[in-house]
Amino acid sequence: MTVLADLLTALGTGAVEVIDLTAPLSEDTPIIDLPADRGQPWPFSREVISEFDAAGPTVHWNNIRLSEHTGTHFDAPSHWLSGKGTQDVSQVPPGRLVAPAAVIDLSHEVAQDPDFLLRREHVKAWINEHGPLPDGGWLLYRTGWDARGGDAKAFINGRHTPGVSADCARWLASETPVIGLGVETVGTDAGLAGEFEQPFPCHWFLHGAGKYGLTQLRNLALLPPTGAVVITSPLPIVGGSGSPTRVLALVTRP
């Protein structure tokens, strides 16, 4: 049998499980809270084109309105000044949209401190226990923040949300083989990262290094520390800085 045939068999028997890491997209989806003097992203909204009525007796469909960075979404390098003029979301090589994942779980620490920051020593401790970070893979940072996804106020939390220290973001960007960082929060950076000495370091360093971001992920608790394969499906928006994205994980089960 071929590798793909074996995979289909494993999917059919449940030996390989598909886990959806995507938050449902609706008018209730939380969006980032920016200062009033900054440009603002549109929340998700829709307008019915027809719904089996006079405008279209046989069809139901909608126009939708949202920003590229609404809900579970993909950040391309061109999203940030440090990556200006580089790869937009339509130019991401397809081979990078299917990649292994390492999952680091610091949800206990975040439960004690919503401003908790992932630091280099946390990742190195993970490496000592589980082995090297995957070459060409994702680092997925579990904080337990997805439990707040049904409450926009609790999710944004007055900008007190977990993130990554500037030193760790620089190190992940320049000295590790991962292609990007995935998080459960509204953005890859901490809610207060605009006040860091290097503001928004995940955006600055990762995108400057040609790496990617995934945000508002769910169900990371269902993934093992190593061994999962992540499939990411952003819309190939020409010139786009990012895209709402369906993110799936393949996990082997005993």
Whether the side chain of Asp146 engages the backbone of Leu220 through a donor-acceptor N/O pair (distance < 3.5 Å, no angle test) should be reported. no
In short, Leu21 meets Leu140 closest at the heavy-atom pair CD1-CD1, 4.5 Å
Rounding to 0.5 Å, atoms OG1 (Thr215) and CD1 (Ile32) come to a distance of 9.0 Å
In this structure, CZ of Arg148 is separated from NZ of Lys153 (nearest 0.5 Å) by 12.0 Å
Would you say Val123 and Cys168 make side-chain contact, with heavy atoms under 4.5 Å? yes
The complete set of salt bridge (charged side-chain N to carboxylate O under 4.0 Å, His left out) pairs with one or both residues in residues 64-77, sequence neighbours excluded, reads none
On a heavy-atom basis, the closest approach of Gly14 and Arg253 is O-CB, 3.8 Å
When every non-hydrogen atom of Ser50 is compared with those of Val59, the smallest separation belongs to OG-O, 2.9 Å
query: Do Phe200 and Leu181 share a hydrophobic cluster, counting only Ile, Leu, Val, Met, Phe, Trp and Tyr and linking them when any side-chain heavy atoms are less than 4.5 Å apart?
result: no
**OP:** For the residue pair Arg218 and Pro24, establish whether any side-chain heavy-atom pair is separated by less than 4.5 Å.
**Re:** yes
Compare all side-chain heavy atoms of Thr22 with those of Thr245 and state whether any distance is below 4.5 angstrom. no
Handout entry: Verify same cluster id: Leu248, Leu222 (apolar side-chain graph, 4.5 Å)
Key = no
Residues Pro100 and Gly136: closest non-hydrogen pair is CD-O, 4.0 Å
Any side-chain to backbone donor/acceptor pair from Thr72 onto Gln216? Under 3.5 Å, distance only.
yes
Contact check, side chains of Phe74 and Val89, non-hydrogen atoms, under 4.5 Å: yes
- Task: Could you tell me whether a side-chain N or O of Gln40 sits under 3.5 Å from a main-chain N or O of Pro35, the two making a donor and an acceptor?
- Result: yes
Quick note, side-chain hydrogen bond (donor to acceptor under 3.5 Å, both in side chains) partners involving residues 119-128, not counting sequence neighbours, are Arg120-Asp167
Minimum side-chain heavy-atom gap Val164-Pro201 below 4.5 Å:
no
- Between Pro114 and Trp145, is any pair of side-chain heavy atoms under 4.5 Å apart? yes
To the nearest 0.5 Å, atom NE2 of His203 lies from atom CG of Asp189 at 5.5 Å
- Indicate yes or no for a side-chain donor-acceptor contact from Arg246 to the backbone of Ser233 under 3.5 Å, with no hydrogens or angles considered. no
Closest non-hydrogen contact found for Val251 with Pro224 is CG1-CD, 3.8 Å
*Do the non-hydrogen side-chain atoms of Pro244 and Leu66 ever get within less than 4.5 Å of each other?*
yes
_Are Leu139 and Leu97 connected into the same hydrophobic cluster when the rule is that any two of I, L, V, M, F, W, Y join if their side-chain heavy atoms are below 4.5 Å apart?_
no
Between Ile156 and the options Val186, Thr161, Thr185, the side chain to side chain contact (heavy atoms under 4.5 Å, CB included) test singles out Val186
Does a side-chain heavy-atom distance below 4.5 Å link Trp138 with Val103?
no
Interatomic distance, OG1@Thr9 vs CG@Leu4, rounded to 0.5 Å, equals 11.0 Å
* Give a yes or no answer on whether the side chain of Ser243 reaches the backbone of Leu235 with a donor-acceptor pair at less than 3.5 Å. => yes
In this structure, CZ of Phe155 is separated from CG of Asp33 (nearest 0.5 Å) by 12.5 Å
The complete set of salt bridge (charged side-chain N to carboxylate O under 4.0 Å, His left out) pairs with one or both residues in residues 83-111, sequence neighbours excluded, reads Asp105-Arg142
**Report entry** Ala15 backbone acceptor or donor facing Glu17 side chain under 3.5 Å
**Finding:** no
For Tyr212 and Ile179, indicate whether the former's side chain and the latter's backbone hold a donor-acceptor pair under 3.5 Å. no
How far apart are the C-alpha atoms of Thr176 and Lys211, what are their side-chain angles, what is the distance that settles it, and do they pass the side chain to side chain contact (heavy atoms under 4.5 Å, CB included) test?
CA-CA 11 Å; Thr176 73; Lys211 296 186 177 185; 3.9 Å; yes
For Trp42 and Thr70, the nearest pair of non-hydrogen atoms, with its separation, is O-OG1, 3.2 Å
Quick check: is Leu34 connected to Leu192 through a chain of hydrophobic side chains (ILVMFWY, heavy atoms under 4.5 Å apart)? no
Here the gap from Leu25 atom CG to His73 atom NE2, rounded to the nearest 0.5 Å, amounts to 11.5 Å
message: Tell me whether Phe196 shares a hydrophobic cluster with Trp204, the cluster being built from Ile, Leu, Val, Met, Phe, Trp, Tyr side chains joined at under 4.5 Å.
response: no
Per side chain to side chain donor-acceptor pair (under 3.5 Å), His79 is matched among Gln87, His69, His207 by His69
| Backbone N or O of Asn63 within a donor-acceptor pair of the Glu47 side chain at under 3.5 Å? | no
